[in-house]
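To keep things clear, I will list the structure first and then write my remarks on it.
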Number of protein chains: 2
Amino acid sequence: MTRDASRPAAGRPRLSGAPTGSPRQDIIREAIALFVAKGYAETTMSEIARSAGLRQSSLYYWFARKDNILQALLEENRSSLALATALEAQSGAAAPRLYAVLHADVMQLCSAPLDFYEFERVARSQPQNFGAFFDDYAALHRLTASIVHQGVSAGEFLAVDSSDVATAALGLNEGLQRHYRQPLPGLRSYSAEQVSELSADTSLARLLAIPESLPEIRMAARGITSDWNTTAES
Amino acid sequence: MTRDASRPAAGRPRLSGAPTGSPRQDIIREAIALFVAKGYAETTMSEIARSAGLRQSSLYYWFARKDNILQALLEENRSSLALATALEAQSGAAAPRLYAVLHADVMQLCSAPLDFYEFERVARSQPQNFGAFFDDYAALHRLTASIVHQGVSAGEFLAVDSSDVATAALGLNEGLQRHYRQPLPGLRSYSAEQVSELSADTSLARLLAIPESLPEIRMAARGITSDWNTTAES
DNA sequence: ACACCTTTTCGATAAGTTATAGAAAGTCTC
DNA sequence: GAGACTTTCTATAACTTATCGAAAAGGTGT
């Protein structure tokens, strides 16, 4: 399990005569496509192997367990953490910062290849391998609660328990992510942008003494987000 | 697959010499215990059979598929629907009624033998068998939205899209149910009552023009709920 | 007493899953 | 070329869910 960057490759040739460019990346790419289409549990190693152009058992040369494919894919999980870290340390009104963090989190959950809960299930079954997942979650929770606390201290928000509010906000993010991913029959379906807005709106609305200010906050948050995106690119 | 109520029973005796009282019920009972302990997907038919005192293949005489055990167990899913139906038709302030419905829903999700999402996953894989599940969900959503709409019309709530609010409220219920069932490492854990209150508080707070009235509403909802429980018993 | 039907359980087994072991088929180094 | 290294293969173990037909009881009519 070493190469992966080199080109022509050694080793026994594939029976399928497949290109064998960068097996590890190829496998991950094909696995993602299948996970998106059918979910993790419903995707078999045989299917991934077929898509990637090798035999089922050959996958185990690159990934010792099915989980490990997921783990490789986890690296950029909850990357909204970076935004949260930056915004928590920032000064200024708490409301737009909180809005931006929550909105970005839902957007990220929606665009991830796997349902958050499916991910969490696997992470829970392999805590030693997925410690980073739980660390990230705890960090996001702490940062969220901290921004809420800032808002409460500044009199910008109602007096609430900031930890409870963070729990509810993240729980709502996850619950609505699910509604985006798997719309329930009989209910309207939402776009990623729509659920993100619905979630952030809901969490913010409960904090504001003057609910009418929500539209301004939404606008301000949009500004913060786009600033972040442009600076992050450079 | 007929008897199930009678006592001594015909048929080939069990190898285990087990009591063979009411096999169907016995199986369901043992299955629930295992589902609660390990979840649906992680519980095998062999384990259920061992607990119930017969062989793995004999289970299939009573339940043609593993799903069917779940289905039998589904009958009382989202029974908060009954409360919602009653309260939607009731007159009076919308806020306490909405609070009571949301609170009862989370309590029910928390006390169910299975995680809501695990249930939903199975239901989705067998839509023809689990139609009732989705029907109930759609009904609960409709009733919730209707109560919200009543509150908006009466000027009791802020002007919001009642369907969106219902989606967010139910999504929050499900998300927090998960936090109760599977507390994330690093975060505090909540009791069923605590998550129910957190969820209902959050959903209501975003609707109220005067957030300070939440405590009264919470009290009033408690009254409604206990009234319902006493009349339902008689 | 006995043949026959119904109910329930069992053993054997098929087809699919994740994962392991060791042989095989190339390239690379000396 | 000889040998080492890398990668893939085949074969197979152990475990799933699910099916099939035989087996073991009770009940019924003659």
Side-chain angles (χ1 to χ4, degrees), chain A residues 1-27 30-31 34-35 38-71 121-122 125-126 129, chain B residues 1-27 30-31 34-35 38-71 121-122 125-126 129:
Chain A
M1 218 189 330
T2 27
R3 177 169 47 106
D4 209 56
S6 48
R7 272 112 296 192
R12 177 171 174 171
R14 291 188 181 170
L15 212 63
S16 66
T20 181
S22 180
R24 208 150 203 285
Q25 283 312 115
D26 293 351
I27 292 167
E30 297 303 323
L34 287 164
F35 292 165
K38 326 183 9 178
Y40 174 77
E42 289 74 25
T43 301
T44 69
M45 293 296 265
S46 298
E47 290 172 307
I48 299 173
R50 199 177 318 123
S51 294
L54 30 60
R55 303 295 215 196
Q56 180 261 127
S57 71
S58 302
L59 282 186
Y60 288 84
Y61 177 77
W62 299 100
F63 299 94
R65 317 166 33 88
K66 192 183 173 191
D67 298 351
N68 291 14
I69 302 182
L70 210 57
Q71 216 179 333
R121 170 208 290 279
V122 179
S125 73
Q126 297 289 326
N129 297 336
Chain B
M1 217 187 329
T2 29
R3 176 168 51 104
D4 209 56
S6 48
R7 272 110 299 187
R12 175 171 173 173
R14 291 188 180 170
L15 213 63
S16 65
T20 182
S22 180
R24 209 149 204 286
Q25 282 314 115
D26 293 350
I27 292 167
E30 297 302 322
L34 288 165
F35 291 166
K38 326 183 8 179
Y40 173 78
E42 289 74 24
T43 302
T44 69
M45 292 296 265
S46 297
E47 291 171 308
I48 299 173
R50 200 177 318 123
S51 294
L54 31 58
R55 303 296 215 195
Q56 179 260 3
S57 70
S58 302
L59 281 186
Y60 288 83
Y61 177 77
W62 299 100
F63 299 94
R65 318 167 32 90
K66 192 184 173 191
D67 297 352
N68 289 14
I69 302 181
L70 210 57
Q71 217 178 333
R121 169 208 292 278
V122 179
S125 73
Q126 298 289 326
N129 297 334

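Just so you know, these numbers use all the heavy atoms, side chains as well, and skip hydrogens, waters and symmetry mates. Predicted model only: the values in this text are computed from it and were never measured. Residue numbers start from 1 in every chain, and the chains themselves are labelled A, B, ... in the order their sequence lines are given, proteins ahead of strands.
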Tyr40(B): partners by ring-ring contact (aromatic ring centres under 6.0 Å, His included), with sequence neighbours left out = Phe35(B)

Can you tell me how far [atom2] of [N] sits from [atom1] of [X], to the nearest Å?
X: Ile48(B); N: dA18(D); atom1: CD1; atom2: C1'; value: 14 Å
X: Leu59(A); N: dT8(D); atom1: CG; atom2: P; value: 10 Å
X: Arg14(B); N: dG26(D); atom1: CZ; atom2: C1'; value: 16 Å
X: Asp26(A); N: dT8(D); atom1: CG; atom2: P; value: 10 Å
X: Arg24(A); N: dT7(D); atom1: CZ; atom2: P; value: 12 Å
X: Tyr61(A); N: dT10(D); atom1: OH; atom2: C1'; value: 18 Å
X: Leu54(B); N: dT7(C); atom1: CG; atom2: C1'; value: 14 Å
X: Glu42(B); N: dT16(D); atom1: CD; atom2: P; value: 12 Å

Mind checking the CZ-CE spacing from Phe63(B) to Met45(B)? Nearest 0.5 Å is all I need.
-> 8.5 Å

Kindly compute the distance separating CD1 (Ile27(A)) from CD (Gln25(A)), expressed to the nearest 0.5 Å.
-> 9.5 Å

Distance-only, no hydrogens or angles: does the Lys66(B) side chain make a donor-acceptor pair with backbone N or O of Thr43(B) under 3.5 Å?
-> yes

So which one's nearest nucleotide on DNA chain D is more toward 5', Arg12(A) or Pro13(B)?
-> Arg12(A)

Sequence neighbours excluded, which residues qualify as side-chain contact (heavy atoms from CB on, under 4.5 Å) partners of Asn129(A)?
-> Gln71(A), Gln126(A)

Determine all donor-acceptor pairs shorter than 3.5 Å in which one atom belongs to a side chain in residues 48-56 of chain A; sequence neighbours excluded.
{"unit_1": "Ser51(A)", "atom_1": "OG", "unit_2": "Glu47(A)", "atom_2": "O", "d": "3.2"}

Between the protein and nucleotides 17-20 of chain C, are there any N/O to N/O pairs under 3.5 Å, and if so, what are the atom names and distances?
{"unit_1": "dT18(C)", "atom_1": "OP1", "unit_2": "Met45(A)", "atom_2": "N", "d": "3.4"}
{"unit_1": "dT18(C)", "atom_1": "OP2", "unit_2": "Met45(A)", "atom_2": "N", "d": "3.2"}
{"unit_1": "dA19(C)", "atom_1": "OP2", "unit_2": "Tyr60(A)", "atom_2": "OH", "d": "3.4"}
{"unit_1": "dA19(C)", "atom_1": "OP2", "unit_2": "Lys66(A)", "atom_2": "N", "d": "2.9"}
{"unit_1": "dA19(C)", "atom_1": "N7", "unit_2": "Gln56(A)", "atom_2": "OE1", "d": "3.0"}
{"unit_1": "dA19(C)", "atom_1": "N6", "unit_2": "Gln56(A)", "atom_2": "NE2", "d": "3.2"}

Using the C1' atoms of five pairs at each end, what's the angle between the two axes of the helix from dA1(C)-dT30(D) to dC30(C)-dG1(D), to 10 degrees?
-> 30°

side-chain hydrogen bond (donor to acceptor under 3.5 Å, both in side chains) with Arg65(B): which residues, sequence neighbours excluded?
-> Asp67(B)

Would you mind reporting whether Leu34(A) and Glu42(A) have side-chain heavy atoms less than 4.5 Å apart?
-> no

Would you call Ser58(A) and Arg12(A) a side-chain contact if the rule is heavy atoms closer than 4.5 Å?
-> no

